[in-house]
Amino acid sequence: MDLKDQDWQHEQQRVDSVTGKVAARKGTLEAEVGLVRGDVVELRKDFWDEVRVNFSSSDDLGETSTSLRQQSQVLSEREHAHLQASETLKKLKLLVKSPYFGRIDFTEEGQEGKETIYLGIASFLDDDQETFLVYDWRAPVSSLYYDGAPGAAAYQTPSGEISGMMELKRQFVIRDGKIKVMFDTGVTIGDELLQQVLSHSSDNQMKSIVATIQKEQNAVIRNDKSRMLVVQGAAGSGKTSAALQRVAYLLYKYRGTLKADQVLLFSPNPMFNSYVSTVLPELGEENMLQTTFQAYLEHRIGREFDLEDVFSQMESILKAEEGPWLTVKRASIAYKSSTLFLETIRRFKDHLEQSGMKFKPIRFKGRLIVSEQVMLEKFYGYDSSVRLANRIELMRDWLLKELAQFAKNERKAPWVDEQIEVLDPDEYQKAYTRIRRKQSAKKKETFDDFDRERSLLAKMVVNEWLKPVRKWIKRMRFVDVKTMYEELLTDKQLFLSVSGGHGLPDEWEEMGIESIQMMKEGKLAYEDVTPYLYLQDLLKGFQINSVIRHVFIDEVQDYSPFQLEYVKRIFPRARMTALGDLNQGIYAHTDVLGGSLESLKQLYGADETEVISLTRSYRSTLEIVDFTSSMMPGGESIMPFNRYGEKPLVCLANSREKLHSSIVKDIRRLNEQGYEHTAIICKTAEECEYVYQALKDELPLKRIAKTTPSFVTGTLVIPSYLAKGVEFDAVVIYDASQEAYSRESERKLFYTACTRAMHQLHIYSLGAPCRFIEDVSEDKYTLQS
């Protein structure tokens, strides 16, 4: 038996020993969890049997309160114990199949003897509860595995740097307790392991990458100093995966003070949320909060307007012919996405502190309670040093008092008697019960006296009818934000006075007409949504969230400067991690990065911002990366991982029938080759619908739309802008002709669609291919007519 066989045998014996101990601990804990669960169920069921409820006297009331508190405390402690045990059990279930993936032998400077350290997804102590059989991949010593190589090495701990010599770095692939792959390496992560991982088929859910984290990705994961961390990563560089491992790292390092529900991810679309939903649970952590920026906007003002989303905006622009409408739309999007417009709105708020506020009068049943003029006099009668939002709050409180006085006077109105007359017995009983409940025990009201009865019922009826008005006032709906926003977009002199000397933007009058028309129809264009909400919050007060401590923004290049400023404002205590790729800024609004990273650095300032660039692409084969990077200016900086495959295929078709026939044969062939996760990527959703209807009888297709809630496997028909952030075994570009992609502004969109492919990229063109393919050297793809 040679040394390698001896090593393999020795390592397998250790795996057997560790998994045996994990299994034993798991069995014991399962029994304990069952017992504790039973205790909790019994405590909940018998909760009131153990409490003496007595309200006869103050002493009895105190005894009842003490008994309730004691029982509640016992129940809370048992529930907490059950939760803790359940979380530990989840980790043991993961460890029993694959206890670890790496080993390092490290001798600390000044110490005798090496320490052998095994790394896994969670720590595991020996039975003595002192010896680590497995170290958590997030522990400080684990950074040696990701950042170092055999030789002199060091790692950071809370108490300082630990230096020494790394004598061995070994990597494993362990499945169901058996070593499948084992090798020693002198680099961060051996190509052999990465080749094995990357050659697998894609899945409908992203997987954890803890066993293959690269040094530059580890820098992203363990960065906990910067207020703003910007990750500029090429397509397929693992930036999103690294960000999710970063969440797990932060939850581990700050487990005493940071919870999963204090971390928020803004993802590109709802489907992407399901795609990444399993990563943290795989690591034994709870999922963070996940939403989209559009969902937040809908939550805030979706009741007032029908909000356009970024996908609808994209769809309309991609389908539009060059002409006046498109020129105005582009100008509107560019300006309203900028910090120039943000500053204009801020100055508009300053202007409103002196004059120009608009209010909606308070009315009830067509009668005026408080006029707009009276409201204006009241508002500008407050001390000018009081902030505008605070004056609105004072107005709200004053209006509620005015409404209360109106309600008191209204009780004698004839309509009230009419409403009392039509009360059915159930409503009458409900009113009686409600009135009795509101009276004090010493002064109980009765319905014995007719006048008193009428008075009590009148009060109830009026209050019930005025409830919507009261709610309307409490929500500050009396502030006419819509009229003020419209005025800003149409009053030239007003706009010039608050624009800070920048003058009128291009196509200003046409932009205003377009926005106002949509608002009259109850709609709000996507480029208007954030500015409108920002103005509303400046007037009524921002609904800030001080609980969230970390905000992650994926595909940050598709956020406007205005939107990012707004996100920063509503999460004042949060650190931000922004993930993006300059080459994938596909939407019509001005790229937040503006071709550089300077805009993002300005958010928190250069001193509090760190930029990490990930330039190596792991998703696609070398041939696909060579092809796609050649389309983009500066693409030569993207480094492909050395995983080889076939060159991209460019197929020319001279008719729609030939195009469809070739795609059907292609998809069937790809399926036969074992590629189960294939995408037919179309330019627009409209084109997706056409393709689906044309091919559904020939192929088992699944349509993906902006409302699709979860990612699925199979052959998908998906619009280009929804494919961002996900990957497929094979990608078929439906039509990459010059006619389909005729604008230079669509280069990034086409690049993004092509970079979704892991193993195979087949591009079809109905006629001559687009300019982006022509920019690529012919030796980087196979042309087929």
Side-chain angles (χ1 to χ4, degrees), residues 33 37 40 72 75-91 93-94 121-123 136-138 205-206 208 210 220-224 226-229 231 240-300 302 542-556 559 563-564 566-579 709-710 725:
V33 168
R37 185 189 298 115
V40 170
S72 178
L75 179 59
S76 177
E77 288 173 355
R78 300 306 289 164
E79 286 180 331
H80 181 71
H82 180 260
L83 179 63
Q84 291 290 99
S86 297
E87 289 177 354
T88 303
L89 188 58
K90 287 179 187 176
K91 293 177 181 178
K93 287 178 179 178
L94 295 169
I121 62 167
S123 297
D136 193 294
W137 67 277
R138 296 163 289 188
Q205 290 180 318
M206 184 178 284
S208 165
V210 292
V220 172
I221 292 166
R222 294 177 186 261
N223 183 301
D224 57 359
S226 306
R227 181 80 187 278
M228 176 74 166
L229 176 63
V231 183
T240 302
S241 295
L244 294 171
Q245 319 300 311
R246 171 169 166 76
V247 175
Y249 170 77
L250 293 169
L251 292 174
Y252 171 83
K253 182 171 182 179
Y254 300 103
R255 52 194 176 277
T257 57
L258 183 66
K259 304 298 180 187
D261 60 5
Q262 293 177 297
V263 182
L264 174 64
L265 168 67
F266 280 109
S267 54
N269 52 63
M271 181 182 68
F272 187 82
N273 287 337
S274 77
Y275 182 61
V276 302
S277 63
T278 59
V279 174
L280 288 174
E282 274 185 20
L283 300 172
E285 299 289 353
E286 290 183 42
N287 254 327
M288 63 195 150
L289 300 177
Q290 294 173 245
T291 189
T292 62
F293 190 62
Q294 182 69 23
Y296 175 80
L297 297 174
E298 293 282 357
H299 167 70
R300 290 297 312 280
F542 280 83
Q543 294 187 14
I544 63 171
N545 186 321
S546 298
V547 175
I548 298 297
R549 307 305 296 273
H550 285 272
V551 171
F552 286 73
I553 300 180
D554 204 4
E555 306 293 355
V556 71
Y559 284 70
Q563 290 170 336
L564 279 182
Y566 185 74
V567 171
K568 174 189 171 185
R569 181 72 179 260
I570 59 178
F571 298 105
R573 295 185 64 195
R575 294 175 181 268
M576 190 180 291
T577 302
L579 318 159
S710 59

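Nothing fancy with the numbering, it's 1 onward along the sequence.
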Rounded to the nearest 0.5 Å, how far does [atom2] of [Y] lie from [atom1] of [X]?
X    : Y    : atom1 : atom2 : value
I121 : E282 : CD1   : CD    : 8.0 Å
F272 : S277 : CZ    : OG    : 10.5 Å
M228 : R575 : CE    : CZ    : 12.5 Å
F552 : T240 : CZ    : OG1   : 11.0 Å
R569 : Q543 : CZ    : CD    : 13.0 Å
L229 : L579 : CG    : CG    : 8.0 Å

- Item | Stepwise side chain to side chain contact (heavy atoms under 4.5 Å, CB included) test for Y296 and V567 | CA-CA 10 Å; Y296 175 80; V567 171; over 6 Å; no
I'd like to check the side chain to side chain contact (heavy atoms under 4.5 Å, CB included) partners of P572; sequence neighbours left out, ordered by chain and number.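 P572: side chain to side chain contact (heavy atoms under 4.5 Å, CB included) contacts with I544, S546.
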#### Entry: Set of residues satisfying ring-ring contact (aromatic ring centres under 6.0 Å, His included) with respect to F542, sequence neighbours excluded
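Testing F542 for ring-ring contact (aromatic ring centres under 6.0 Å, His included), a comparison that skips the adjacent residues, returns Y534.
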Check your understanding: In chain order, what residues pass the ring-ring contact (aromatic ring centres under 6.0 Å, His included) check against F293, with sequence neighbours excluded?
Key ->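 ring-ring contact (aromatic ring centres under 6.0 Å, His included) check on F293 returns Y559.
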[Y] side chain reached by [X] side chain, heavy atoms, under 4.5 Å:
X    : Y    : value
Q294 : L297 : yes
M576 : I553 : yes
N287 : P281 : yes

Taking only residues two or more places apart in sequence, or in another chain, which ones meet R138 in a salt bridge (charged side-chain N to carboxylate O under 4.0 Å, His left out)?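 Result, salt bridge (charged side-chain N to carboxylate O under 4.0 Å, His left out) vs R138: D136, E285.
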Discussion item. The criterion is salt bridge (charged side-chain N to carboxylate O under 4.0 Å, His left out); which residues satisfy it with R300, sequence neighbours excluded?
Written reply: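 Result, salt bridge (charged side-chain N to carboxylate O under 4.0 Å, His left out) vs R300: D537.
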[X] to [Y] - nearest heavy-atom pair and separation:
X    : Y    : value
P268 : E555 : CG-CG, 3.4 Å
W137 : I221 : CZ3-CG2, 4.0 Å
L283 : A248 : CD1-CB, 3.7 Å
V220 : A242 : CG1-CB, 4.3 Å
I548 : A574 : O-CB, 3.6 Å

K568 atom NZ, neighbour heavy-atom count above 12 within 6.0 Å
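Count over threshold, so yes.
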Extract all donor-acceptor atom pairs below 3.5 Å that involve side chains of residues 254-267 and protein atoms in other chains or at least two apart in sequence.
residue : atom : partner : partner atom : Å
Y254    : OH   : D224    : OD2          : 2.8
R255    : NH1  : Y252    : O            : 2.3
Q262    : OE1  : K259    : N            : 2.9
S267    : OG   : N273    : OD1          : 2.3
S267    : OG   : T291    : O            : 3.3

Query raised in the report: When you look at V276 and Q290, which way does the side chain to side chain contact (heavy atoms under 4.5 Å, CB included) test go after all the steps?
Result: CA-CA 10 Å; V276 302; Q290 294 173 245; 3.4 Å; yes
